[in-house]
Novice: 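Structure provided below as structure tokens; questions to follow.
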Amino acid sequence: MRRKEPAVLLLISPDGVEEALDCAKAAEHLDIVDVKKPDEGSLGANFPWVIREIRDAVPAHKPVSATVGDVPYKPGTVAQAALGAAVSGATYIKVGLYGCTTPEQGIDVMRAVVRAVKDHNPDALVVASGYADAHRIGCVNPLAVPDIAARSGADAAMLDTAIKDGSRLFDHVPQDACAEFVRLAHASGRLAALAGSVKAADLGPLTRIGTDIVGVRGAVCEGGDRNAGRIQPHLVAAFRAEMDRHAREHAATAPATAPTAVVG
Ligand SMILES: O=C[C@H](O)COP(=O)(O)O
């Protein structure tokens with residue numbers, strides 16, 4: 001494991017090999033390439049061969065993440081899918097607990113995923129993802145996700161938005177609630193990852209509350225359009241520069257107690 005400075009990691013989500021190549025051009029500005037298939041949902045799963053191609057396309061020292069989908073409450077099905085992502089070369093495995101309506105269901109799913117993934121690769125990081133706009137889709141409360149991650153043995157708790165209609169993370173989970181999410185994740189030794197139409201303007205608060213990983217797509221796509229726009233290397237660089245600026249400002253004013261983010 002090697003320490004990354006600054007502590008906030010930037011996760012970028014290309015929708016396929018072509019965009020992953022654009023991420024590779026901006027590799028020095030990002031930390032994790034996150035393979036997903038946005039037309040299958042917010043955390044839509046891509047094909048195993050796409051994960052493999054993207055793994056081959058980005059520099060070997062950059063971790064590749066893969067989303068397993070906006071999953072149903074079917075622990076066996078999801079565990080097998082998660083193993084597929086791990087076998088295909090992803091070392092961050094993200095699961096969207098879309099069909100889980102209670103924390104117990106989320107724990108069932110994530111325990112199965114953790115076992116399937118870690119049996120294959122003990123160093124892989126498993127990410128339990130809830131949805132900031134859970135109230136719109138009827139899934140588990142966002143603030144329950146850190147506990148689901150802790151009790152299942154997952155490595156990180158994440159929030160994204162389920163419905164990509166322009167509403168943003170903080171529209172659904174206000175900053176103080178996101179701060180509580182981060183606090184809960186850290187209290188059990190998990191990483192805290194936040195996403196959901198995050199814009200550069202959100203980076204100040206995200207840095208201040210101690211977010212370990214910021215996930216974006218729309219903000220680094222042409223025209224800010226996560227569907228019609230393509231990921232632009234210069235927008236990735238500009239976003240990273242803004243992250244670094246906030247990290248420096250925060251480091252200059254805050255006591256040095258923030259948890260250390262690590263990347264495998
Ligand atoms: O995991 C990160 C997501 O892909 C975020 O996408 P978005 O910034 O377009 O909401």
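Note that ligands are numbered from 1 as they come in the structure, with each ligand's atoms numbered from 1 the same way.
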Novice: Angle between ring planes, H135 versus H172, binned at 30° and 60°: parallel, tilted or perpendicular?
Specialist: tilted

Novice: Short list, please: which atoms of ligand 1 are under 4.0 Å from a heavy atom of L11?
Specialist: 1 (O)

Novice: Residue-level breakdown please: for T67 versus ligand 1, do any non-hydrogen atoms fall below 4.0 Å on the side chain, on the backbone, on both, or on neither?
Specialist: neither

Novice: Does this structure show an ion pair linking D119 with R115, if we count only N-O contacts that are shorter than 4.0 Å?
Specialist: yes

Novice: Is I213 close to I32 at the side-chain level, that is, under 4.5 Å between some pair of heavy atoms?
Specialist: yes

Novice: Between A134 and V140, which heavy-atom pair has the shortest distance, and what is it?
Specialist: CB-O, 3.4 Å

Novice: Does A195 reach ligand 1 with a nitrogen or oxygen that is under 3.5 Å from one of the ligand's nitrogen or oxygen atoms?
Specialist: no

Novice: Would you check the N or O atoms of S197, main chain and side chain alike, for any that come under 3.5 Å of an N or O of ligand 1?
Specialist: yes

Novice: Between E19 and R217, is the closest basic N to carboxylate O distance under 4.0 Å?
Specialist: yes

Novice: Of the listed options (K199, R217, K164), which comes nearest to atom 10 (O) of ligand 1 when hydrogens are ignored and any heavy atom counts?
Specialist: K164

Novice: With distance as the sole criterion, is a donor-acceptor pair present between the side chains of R136 and S167 under 3.5 Å?
Specialist: yes

Novice: For the residue pair D70 and Y131, confirm or rule out a side-chain donor-acceptor distance under 3.5 Å.
Specialist: yes

Novice: Examine ligand 1 and decide if any of its atoms is less than 4.0 Å from a heavy atom belonging to A219.
Specialist: no

Novice: Quick one: which ligand 1 atoms are inside 4.0 Å of a heavy atom on D34?
Specialist: 1 (O)

Novice: Between Y73 and D108, do the side chains contain a donor N or O and an acceptor N or O under 3.5 Å apart?
Specialist: yes

Novice: Looking only at protein heavy atoms, identify the closest one to atom 9 (O) of ligand 1 and say how far it is in Å.
Specialist: R226 NE, 2.6 Å

Novice: Which atoms of ligand 1 sit under 4.0 Å from any heavy atom of G196?
Specialist: 10 (O)

Novice: Any idea which atoms of ligand 1 are less than 4.0 Å away from a heavy-atom of G218?
Specialist: 7 (P), 8 (O), 9 (O)

Novice: Looking only at heavy atoms, is any part of L43 under 4.0 Å from ligand 1, and if so is it the side chain, the backbone, or both, or is it neither?
Specialist: neither

Novice: Going by distance alone, is a donor N or O of one side chain under 3.5 Å from an acceptor N or O of the other, for Q105 and T101?
Specialist: yes

Novice: If you have a sec, work out which protein heavy atom is nearest atom 3 (C) of ligand 1 and how many Å separate them, to one decimal?
Specialist: K36 NZ, 3.2 Å

Novice: Which ligand 1 atoms does D160 reach within 4.0 Å, using its non-hydrogen atoms?
Specialist: 1 (O), 2 (C), 3 (C), 5 (C)

Novice: Near M158, which atoms of ligand 1 are under 4.0 Å from a heavy atom of that residue?
Specialist: 1 (O)

Novice: Could you tell me which atoms of ligand 1, counted from 1 in the order shown, lie closer than 4.0 angstrom to a heavy atom of K94?
Specialist: 1 (O)

Novice: Is the shortest side-chain N to carboxylate O distance from R168 to D171 below 4.0 Å?
Specialist: no

Novice: Counting each atom of ligand 1 from 1 as listed, which ones have a heavy atom of S13 under 4.0 Å away?
Specialist: 1 (O), 2 (C), 3 (C), 4 (O)

